[in-house]
2 protein chains.
Amino acid sequence: MHAFASANGPAAPRRRDGPERRAQILATAAELFAEYGFEQTSMREIAKRVNMLAGSLYHHFETKDDLLHALIRDPQQQMIRENERLAALPVDAELRLAATVIARFHQFSANWHVHVLLMQEANFYRQHAEFSYVQSAKNQASLVMTRILDEGIAAGLFRAEIDSYLTNATISQMISAAAGRLRQGAFISAVTGREYGLAAVLDHTLDCALRLVRPAARIEAPVRRAEAERLVGDCLGR
Amino acid sequence: MHAFASANGPAAPRRRDGPERRAQILATAAELFAEYGFEQTSMREIAKRVNMLAGSLYHHFETKDDLLHALIRDPQQQMIRENERLAALPVDAELRLAATVIARFHQFSANWHVHVLLMQEANFYRQHAEFSYVQSAKNQASLVMTRILDEGIAAGLFRAEIDSYLTNATISQMISAAAGRLRQGAFISAVTGREYGLAAVLDHTLDCALRLVRPAARIEAPVRRAEAERLVGDCLGR
DNA sequence: GTCTATACAGTGATAGAC
DNA sequence: GTCTATCACTGTATAGAC
């Protein structure tokens, strides 16, 4: 009944050690935070899901806020860097805009919970100075996209009348909202019951974004999605 | 020093009575809920702002949830009814779509805090069965707008290729987001510092909405905002 | 690295005096 | 209609045994 491990070599660990435990806690926390909100999720609940007691979490993270920082800080920074790399590509503004939209969806589907957390806890970040970097990063992302829009206008690719700031706000919102609706990787109409996958939603979002910026003459031009996809893949190395 | 009120007639009330007190509590609660979130706002905090103690609130409202119900239930119902009235007007679908967008902004600016509450506490409503009517009402609103879109497509006013459900989701989100950014009745760009008033944001949103649905041939047609405004004014009696 | 036990502040809600 | 006082509970976080 009781099989013993061989005497040499490390014994099977009764309590999981090191970084993998930390990662497990982070993943669980991300899930709960995204589902119930940061402040509505208790340390006790997180602990229960990873089979430990609340007090033990404090061996891995100093405070609850720390846990949140650890979840969002790096992914958001990486997102900004990727956006900047795409914005600097030597292709026309429309292709860079398309690549940005696509990249955002990739980032989202690769790290679903964290990105939900970034958008839906905006109130919390605004009220806690230690999280002000979240808003700074969002402003930075706005700046990058605003510049793409302005360059597109200057090049005659986008309508001259658009207000790049309002348009950026609208498009960014559109992306976040569309991605946010993809809760379990799909999005089910509450009215018709029909289901929309990531590809369909991305397609629709991309189409909408271009429709907002294109001049009448180019409104029905092809979307060049495949080219933009390839650009994203090459530039971000995937 | 001590002036007495005349013996007849009601004495000056030392503690404010009746419905006005209730209204004051509701207004204060709406403000705090919108600013800090429903669950992050304590009954003690609400009480402090209206100069009473937490226990006394329970003379006016049975529970904290009750307070929230009292805030959102009627305004949301009214919003739906207004949307339905507008959708039934005997004018073309595009004008009805424009009127819907405009009405939504009116509703929002007339009752700022409540509408913020309706959009930003979606997680909470989803998790508490007693608030399921919030989602039902949103679905109802979706249905109304989806029908406008479908009728516009059938009439050849809108593009035949649009998916009315996804497009409705996008436009609704656009309206909510735009209105939500108008926190203090205006919206200040974090990048350029430039300020946008309600009129400018409404203008932009309306333009975007029409741009998403119009076929290429009518993409630059005039927006008929004045006509839509008048329609809203007449239909909703303002 | 995890557990036990606990400190301490804050929560929604109630009972009864005034 | 409001206040005082309090209950039962949950929250984050800590100290020290194992």
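Numbers restart at 1 for each chain; the letters A, B, ... are given by sequence-line order, proteins then strands.
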> Looking at D/dC3, C/dG12, D/dT12, which one has an atom nearest to any side-chain atom of B/M52?
Replying inline: D/dC3
> Just how far, in rounded Å, is P of D/dC3 from CG of B/N51?
Replying inline: 9 Å
> Considering only C/dT11, C/dG1, D/dT2, which nucleotide approaches the side chain of A/H60 most closely?
Replying inline: C/dG1
> D/dG11 C1' sits how many Å from A/K64 NZ, rounded?
Replying inline: 8 Å
> How would you label the contact of A/S56 with the nucleic acid (heavy atoms, under 4.0 Å): base, sugar-phosphate, or nothing?
Replying inline: base
> Can you find a pair of side-chain heavy atoms, one from A/Q76 and one from A/K138, that are under 4.5 Å apart?
Replying inline: yes
> Taking CZ from B/R44 and P from D/dC9, how many angstroms apart are they, rounded to a whole number?
Replying inline: 16 Å
> CZ/A/R96 to CZ/A/R147 distance, rounded to the nearest 0.5 angstrom?
Replying inline: 10.0 Å
>> For D/dG11 and A/S42 - does any side-chain N or O of the residue sit under 4.0 Å from the phosphate oxygens OP1/OP2?
In response: yes
>> Ring-plane angle category for B/F131 and B/Y125, please: parallel below 30°, perpendicular beyond 60°, tilted otherwise.
In response: tilted
> Rounded to whole angstrom units, what separation is found between the NE2 atom of B/H59 and the P atom of C/dG16?
Replying inline: 17 Å
> Mapping B/T41 and A/G55 to their closest nucleotides on DNA chain C, which lands nearer the 5' end?
Replying inline: A/G55
> To the nearest Å, how far apart are B/D65 CG and C/dT11 P?
Replying inline: 16 Å
>> Rounding to an integer number of Å, can you tell me how far A/L53 CG sits from D/dT12 C1'?
In response: 15 Å
>> To the closest 0.5 Å, what do you measure between CE (B/M43) and NZ (B/K64)?
In response: 7.5 Å
> Can you check whether A/D163 reaches B/R194 side chain to side chain, under 4.5 Å on heavy atoms?
Replying inline: yes
> Taking the side chain of A/R21 as heavy atoms from C-beta outward, which of D/dT12, D/dT2, C/dT2 is closest to it?
Replying inline: C/dT2
> For A/K48 and D/dT10, what is the distance between atoms NZ and P respectively, to the nearest whole Å?
Replying inline: 11 Å
>> In whole Å, I'd like the distance from the OH atom of A/Y58 to the P atom of C/dT2.
In response: 15 Å
